[in-house]
Amino acid sequence: DQQVKQNSPSLSVQEGRISILNCDYTNSMFDYFLWYKKYPAEGPTFLISISSIKDKNVDGRFTVFLNKSAKHLSLHIVPSQPGDSAVYFCAASAGGSSNTGKLIFGQGTTLQVKP
Amino acid sequence: ETGVTQSPTHLIKTRGQQVTLRCSSQSGHNTVSWYQQALGQGPQFIFQYYREEENGRGNFPPRFSGLQFPNYSSELNVNALELDDSALYLCASSRAGTLNTGELFFGEGSRLTVL
């Protein structure tokens, strides 16, 4: 069973506009959520994270929103830039921020930002 | 500060053979996790090593085994290779027990093709 789902395989946005990537999860034990970005031929790189005790976390152009009742989180990128074009993975952990070696990943969403 | 390095980057094996993949963790990191990423999917947790012992395992059969060495580097061994083992194998390191963003640092991966 897929505990973390990213239902949109791809997303295309215009440079300067907002990109919104969505993620749903089913396991109520998840208490820490992360977003990773992956370019071709590179390993995933960490973008931003959020604890289940919060509903929003901001880091520059990136904001993650968490709706625990809906078991849904989203990543907002504003403004989007062509360099943001990559595959974005949502991931979840049941061990807090100090135990994220065992992450459950979604399938990924490919973001294309057009100049 | 050196990042996570993996070797080899690409390799081709035939069914029934055995393979060993290697990973050097980032300086100061004492925990190594291995993930399998099939084409078009998100990374899937194989196992984690901490203090040279397996510390959690995903849904993978016993023919997937690993080691962690005193210098925190690690190996992933896969016996009796099957066609479905063809994937990108990612190693990630972290420092256990610290309050942080929870991010894992990934290597670029080893692309295994089983013919």
Side-chain angles (χ1 to χ4, degrees), chain A residues 1-10 21 23-25 27 30-54 57-59 62 64 86-110, chain B residues 3-6 9-10 23-26 29-51 53-60 66 68 72 74 87-111:
Chain A
D1 64 337
Q2 192 77 26
Q3 297 185 69
V4 177
K5 295 182 183 179
Q6 295 175 255
N7 292 317
S8 297
S10 62
L21 296 98
C23 178
D24 297 296
Y25 63 96
N27 190 338
F30 289 148
D31 58 5
Y32 202 76
F33 303 89
L34 307 92
W35 285 93
Y36 280 81
K37 177 171 72 174
K38 187 178 187 300
Y39 294 117
E42 294 185 11
T45 55
F46 171 78
L47 260 181
I48 191 169
S49 60
I50 187 168
S51 165
S52 60
I53 63 173
K54 296 184 176 181
N57 190 25
V58 182
D59 184 358
F62 302 92
V64 56
V87 180
Y88 288 77
F89 291 101
C90 168
S93 165
S97 65
S98 62
N99 188 28
T100 54
K102 312 166 192 177
L103 292 176
I104 307 298
F105 282 85
Q107 309 95 307
T109 296
T110 301
Chain B
V4 178
T5 58
Q6 293 186 241
T9 53
H10 295 82
C23 172
S24 293
S25 60
Q26 181 158 319
H29 287 182
N30 55 12
T31 302
V32 173
S33 303
W34 286 91
Y35 289 81
Q36 179 196 65
Q37 186 180 9
L39 200 61
Q41 301 295 316
Q44 189 173 359
F45 175 70
I46 303 175
F47 43 55
Q48 179 186 65
Y49 276 83
Y50 173 62
R51 290 186 175 177
E53 298 214 351
E54 188 177 290
N55 179 35
R57 188 178 184 93
N59 189 26
F60 281 82
Q68 186 181 32
Y72 306 128
S74 177
L88 180 68
Y89 289 85
L90 294 162
C91 171
S93 73
S94 59
R95 184 160 183 83
T98 59
L99 292 175
N100 51 29
T101 60
E103 67 176 292
L104 295 179
F105 293 80
F106 283 88
E108 295 181 356
S110 294
R111 171 75 63 187

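Order of the sequence lines fixes the chain letters, A, B, ..., with proteins taken first and strands second; residue numbering starts at 1 for each chain. Please read these numbers as outputs of a predicted model, since none were measured by experiment.
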Item to complete: Measure the spacing between NZ of A:K102 and CD1 of B:I46 and express it to the nearest 0.5 Å.
Response: 14.5 Å
Worksheet item: Atom CD in B:Q44, atom CG in A:L103: separation rounded to 0.5 Å?
Response: 13.0 Å
Worksheet entry | Contacts of A:Q2 that satisfy side-chain hydrogen bond (donor to acceptor under 3.5 Å, both in side chains) - sequence neighbours left out | none
Practice prompt. Quick one: list whatever passes side-chain hydrogen bond (donor to acceptor under 3.5 Å, both in side chains) with B:R57, sequence neighbours left out.
Written response: B:E54
Worksheet, complete the sentence: Given A:G106, A:G43, A:S51, the one with more heavy-atom pairs under 4.5 angstrom with chain B than any other is A:G43
Worksheet entry | Contact leader toward chain B among A:C90, A:P44, A:G108, where contacts are heavy-atom pairs under 4.5 Å | A:P44
Discussion item. I'd like to verify something: which residue of B:G56, B:G109, B:P43, B:G42 has the highest number of heavy-atom pairs under 4.5 Å with chain A?
Written reply: B:P43
Practice prompt. May I ask you to check whether B:F106 and A:Y36 place their ring centres under 6.0 Å from each other?
Written response: yes
Discussion item. Is the distance between the ring centroids of B:Y35 and A:F105 under 6.0 Å?
Written reply: yes
Worksheet item: Which atom pair, heavy atoms only, marks the closest approach of A:F89 to B:Q41?
Response: CE2-O, 3.9 Å
Worksheet, complete the sentence: Okay, B:Q6 and chain A: the region with an atom under 4.5 Å from a heavy atom over there is neither
Worksheet item: Is it the side chain or the backbone of B:L88 that comes within 4.5 Å of chain A heavy atoms, both, or neither?
Response: side chain
Fill in: Part of A:A91 within contact of chain B (heavy atom distance under 4.5 Å)
neither
Discussion item. Tell me whether the count of non-hydrogen atoms from other residues, nucleotides or ligands lying under 6.0 Å of CZ in A:F30 goes above 12.
Written reply: yes
